[in-house]
2 protein chains.
Amino acid sequence: MANISGIAKLAGVSVSTVSRVLNNHKYVSDDKREAVLKVIEEMNYTPNKNAIDLIRGETKTVGVILPYNNNPAFDQMLNGILNKASENDFSVTVLPSEYNKNKEIGYLQKLKSKLFDGIIIASRASDWETIIPYSNYGSIVSCEYTHNTEIGCSYSDRYSSYLDTFQLLKNRGHFAVAFTTARLESNSTNQMIDAYNEVFGELPTYYHISDCQCLDDGWEAAKKFLQSPERPTAIYANGDEVAGGIYLYATSQQVNIPADLAIIGQENQPTGSVLGITTIDHQLTKVGEEAFNLVLNKSREKIKVPYSIIERESV
Amino acid sequence: MANISGIAKLAGVSVSTVSRVLNNHKYVSDDKREAVLKVIEEMNYTPNKNAIDLIRGETKTVGVILPYNNNPAFDQMLNGILNKASENDFSVTVLPSEYNKNKEIGYLQKLKSKLFDGIIIASRASDWETIIPYSNYGSIVSCEYTHNTEIGCSYSDRYSSYLDTFQLLKNRGHFAVAFTTARLESNSTNQMIDAYNEVFGELPTYYHISDCQCLDDGWEAAKKFLQSPERPTAIYANGDEVAGGIYLYATSQQVNIPADLAIIGQENQPTGSVLGITTIDHQLTKVGEEAFNLVLNKSREKIKVPYSIIERESV
DNA sequence: TTGAAAGCGCTAACAG
DNA sequence: CTGTTAGCGCTTTCAA
């Protein structure tokens with residue numbers, strides 16, 4: 001009998017007393033405590049966590065919805081979350097979505113079914129309208145800004161960041177500037193385009209390529225950019241991996257970096273540092289850490305995490 | 001009342017009937033099923049998963065013990081696990097250990113406390129003797145080979161792989177070969193040394209540097225290797241990131257790759273492909289996938305995952 | 001300081 | 001086909 005009443009019986013006490021020693025309550029006489037501890041040891045007993053979670057109504061577990069696991073940016077966030085979760089004795093369950101709305105809803109249902117105390121959304125496909133109702137069942141924290149008061153946010157101010165980057169390029173004499181993004185329908189793509197418009201005016205379609213995730217995508221993007229009607233003198237990539245691909249294609253075509261072409265990446269990833277590519281670090285680890293803190297504190301604050309620019313030799 | 005008996009009452013049936021429709025049992029009349037479904041819909045009811053897990057004694061969740069999250073090799077394994085877990089409607093909880101034995105034991109306790117159906121150990125600090133007893137409480141699968149019959153294994157035959165690599169180097173005329181490893185006390189470091197001994201004989205201490213994880217570590221290692229009494233003509237790195245650091249330091253010193261120095265990395269990571277570094281791919285994603293299958297099937301098989309060599313321009 | 005007993009929300013015999 | 005009932009293993013009043 002590997003349950004609490006078995007232990008109680010063997011120790012000659014009631015289940016409540018066993019429960020008390022298990023939970024370090026006071027008002028347990030030393031001798032009974034000893035007796036219980038002894039039996040627990042002998043029987044090699046461990047309490048059933050599901051029973052405890054059921055009663056307590058909380059699991060000390062947070063779910064993290066993220067589109068892709070093998071993606072440096074999301075990995076940084078996850079890493080931040082794991083750091084803080086470990087510190088606070090929380091578990092982290094990874095919820096891969098591939099931007100599939102049904103999967104996202106399925107994960108939110110798990111919040112409702114009391115499996116998680118909260119959910120962190122690294123990135124999403126679903127509308128906020130369909131997400132918000134679930135905030136009744138636990139904290140929902142987003143790693144992207146939203147004005148909805150039901151949702152806590154730990155985010156990077158991407159619009160400002162993009163603005164700064166384009167402005168920097170302009171200040172250095174670049175007027176033909178192209179850029180890549182990850183998903184066409186995403187918020188940050190919109191912000192990128194808005195920032196471009198603000199600094200350079202109308203965006204020629206051939207200066208924007210989306211669906212870039214990895215090195216190869218960067219390579220292909222560079223190929224197209226360098227054949228465009230008006231060849232860009234600078235490219236802003238949506239990640240250092242992509243930037244690396246651009247760098248490689250360019251150099252393979254005897255295009256000199258930065259003399260003929262400036263490149264800026266994002267997120268300060270190894271590939272970028274290898275190639276000496278200037279990068280905008282949105283501090284995604286920090287974003288993840290703050291996101292966890294928000295669910296820990298059941299807070300719905302909006303926390304803006306500062307970004308920083310790391311200048312290297314590609315601009 | 002957001003529980004099953006509330007639903008039962010409102011639908012005018014017993015809890016068992018509600019339970020039956022919830023679990024798609026047959027032998028429920030269509031009209032009662034309709035009625036129940038209607039109330040569930042109206043009340044926006046979702047069953048409490050903790051109660052279910054408690055009764056069923058299983059959680060459809062697997063824990064993954066891995067030392068570091070932000071490590072390309074472990075990320076590949078995790079990715080494989082997540083792929084298969086998603087397919088099979090399992091959840092994955094990440095258990096970061098930093099090779100801390102206490103943390104590892106803590107995670108195994110969670111298996112015992114019925115939080116997980118199984119645990120996958122990507123890499124470990126604890127001895128098998130202390131781990132094995134926990135296999136009574138759920139499947140434990142290792143991503144490294146062990147002869148213990150209690151433990152399922154999905155692994156890469158590293159000794160063979162290292163042997164092949166050193167042999168390849170030797171065949172190409174390299175006799176002064178150095179290498180890096182991650183942890184001194186690890187199994188794979190031992191296998192690396194054994195393989196070296198087999199191919200080249202005794203290992204000069206200055207041909208082995210451990211504790212290499214990232215690009216910077218590779219850079220520092222290269223610095224030392226290139227100053228060693230007998231400068232190596234080839235270096236085998238324990239990862240493409242480290243290999244990248246070696247490549248960069250070498251080229252920064254006007255050392256020609258591969259003319260003056262051959263470099264081989266591992267795991268086919270982006271940094272390696274950027275720099276054209278030959279690499280040994282241990283198919284870690286596949287290792288993760290097979291590991292998950294083992295816990296799914298409660299199998300204790302030993303599955304050897306084949307490795308492959310990807311030749312590029314660094315040898 | 002202790003124990004009895006009433007749940008937490010659900011499943012699964014068992015009886016009808 | 002349906003309902004009653006006894007749990008799953010634990011926490012927590014309440015009374016003593």
Side-chain angles (χ1 to χ4, degrees), chain A residues 1-40 43-61 109-117 137-138, chain B residues 1-40 43-61 109-117 137-138:
Chain A
M1 192 164 298
N3 61 18
I4 199 172
S5 72
I7 302 296
K9 205 156 293 171
L10 289 173
V13 300
S14 71
V15 291
S16 5
T17 298
V18 178
S19 175
R20 288 191 186 99
V21 344
L22 249 16
N23 295 285
N24 288 313
H25 283 207
K26 38 191 183 178
Y27 301 137
V28 181
S29 62
D30 286 351
D31 50 340
K32 301 225 170 193
R33 166 166 277 121
E34 293 308 321
V36 170
L37 255 16
K38 184 153 161 283
V39 174
I40 287 179
M43 302 301 293
N44 188 22
Y45 165 78
T46 300
N48 183 312
K49 192 65 168 41
N50 291 314
I52 297 174
D53 289 348
L54 169 59
I55 288 192
R56 291 218 210 285
E58 58 175 44
T59 57
K60 290 208 156 219
T61 299
Q109 287 284 355
K110 292 193 175 193
L111 178 67
K112 193 176 171 200
S113 75
K114 310 249 86 186
L115 231 29
F116 307 131
D117 292 350
Y137 312 110
Chain B
M1 191 163 301
N3 60 21
I4 198 172
S5 72
I7 302 297
K9 205 156 293 171
L10 288 173
V13 300
S14 71
V15 290
S16 7
T17 298
V18 177
S19 174
R20 287 190 188 101
V21 345
L22 248 19
N23 296 285
N24 288 313
H25 283 207
K26 37 191 183 178
Y27 302 137
V28 181
S29 62
D30 286 351
D31 52 340
K32 302 227 169 194
R33 167 166 276 123
E34 293 309 321
V36 170
L37 255 17
K38 183 153 162 284
V39 175
I40 287 179
M43 302 302 292
N44 188 21
Y45 166 78
T46 299
N48 183 313
K49 192 65 168 41
N50 291 315
I52 297 174
D53 289 348
L54 170 58
I55 287 192
R56 292 218 208 284
E58 59 174 43
T59 56
K60 289 207 158 221
T61 298
Q109 287 283 354
K110 291 193 174 191
L111 178 67
K112 194 177 169 196
S113 75
K114 311 249 84 185
L115 230 29
F116 307 132
D117 293 348
Y137 312 111

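Remember, it's a predicted structure, so these values are computed and weren't measured experimentally. First the proteins, then the strands, lettered A, B, ... as listed; each starts at 1.
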Q. Is there a donor-acceptor contact under 3.5 Å from the side chain of Lys112(A) to the main chain of Asn44(B)?
A. yes
Q. In whole angstrom, what separates Leu115(A)'s CG from dG9(C)'s C1'?
A.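 It works out to 14 Å between those atoms.
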Q) What is the distance from CG of Leu54(A) to C1' of dC10(C), rounded to the nearest Å? A) 8 Å
Q: Select base, sugar-phosphate, or nothing to describe what Lys32(B) touches, counting heavy atoms under 4.0 Å on all strands.
A: sugar-phosphate
Q. Side-chain contact, heavy-atom cut-off 4.5 Å: Val36(B) with Val28(B)?
A. no
Q) Which nucleotides of nucleotides 11-16 of chain C have their base under 4.0 Å from a protein heavy atom (B), which only their sugar-phosphate (S), and which neither (-), written as one string 5' to 3'? A) BBB---
Q. What residues, two or more places apart in sequence or in another chain, satisfy side chain to side chain contact (heavy atoms under 4.5 Å, CB included) together with Thr61(A)?
A.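 Partners of Thr61(A) by the side chain to side chain contact (heavy atoms under 4.5 Å, CB included) criterion, ordered by chain and then number, come out as Thr59(A), Ser91(A), Thr93(A), Phe116(A).
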**Q.** Non-neighbouring partners of Ser113(B) that pass side chain to side chain contact (heavy atoms under 4.5 Å, CB included), sequence neighbours left out
**A.**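 Counting only residues at least two positions away or on another chain, Ser113(B) forms a side chain to side chain contact (heavy atoms under 4.5 Å, CB included) with Thr46(A), Lys49(A), Lys110(B), Leu115(B).
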Q) If only side-chain N and O atoms of Asn3(B) are considered, is one of them under 4.0 Å from the OP1 or OP2 phosphate oxygen of dG9(C)? A)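 Answer is yes, contact under 4.0 Å.
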Q: Rounded to 10°, tell me the angle between the two end axes of the helix from dT1(C)-dA16(D) to dG16(C)-dC1(D), each built from five pairs.
A: 40°
Q. Just the endpoints, please: which first and last nucleotides of DNA chain D, 5' to 3', lie under 4.0 Å from a heavy atom of chain B?
A.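 Here the contact window of chain B covers dC1(D) to dG9(D).
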**Q.** Qualifying residues under salt bridge (charged side-chain N to carboxylate O under 4.0 Å, His left out), relative to Lys60(A), sequence neighbours excluded
**A.** none
Q: Locate the shortest heavy-atom distance separating Asn48(B) from Lys114(A); write the atom from each residue and the value.
A: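 Looks like ND2-CG, 3.7 Å.
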Q) More than 12 non-hydrogen atoms from neighbouring residues, nucleotides or ligands closer than 6.0 Å to CG on Asp30(B), yes or no? A) no
Q.
Other residues, nucleotides and ligands only: do more than 12 of their heavy atoms fall within 6.0 Å of CG on Asp31(A)?
A.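 Atom CG in Asp31(A) is packed in, count exceeds 12.
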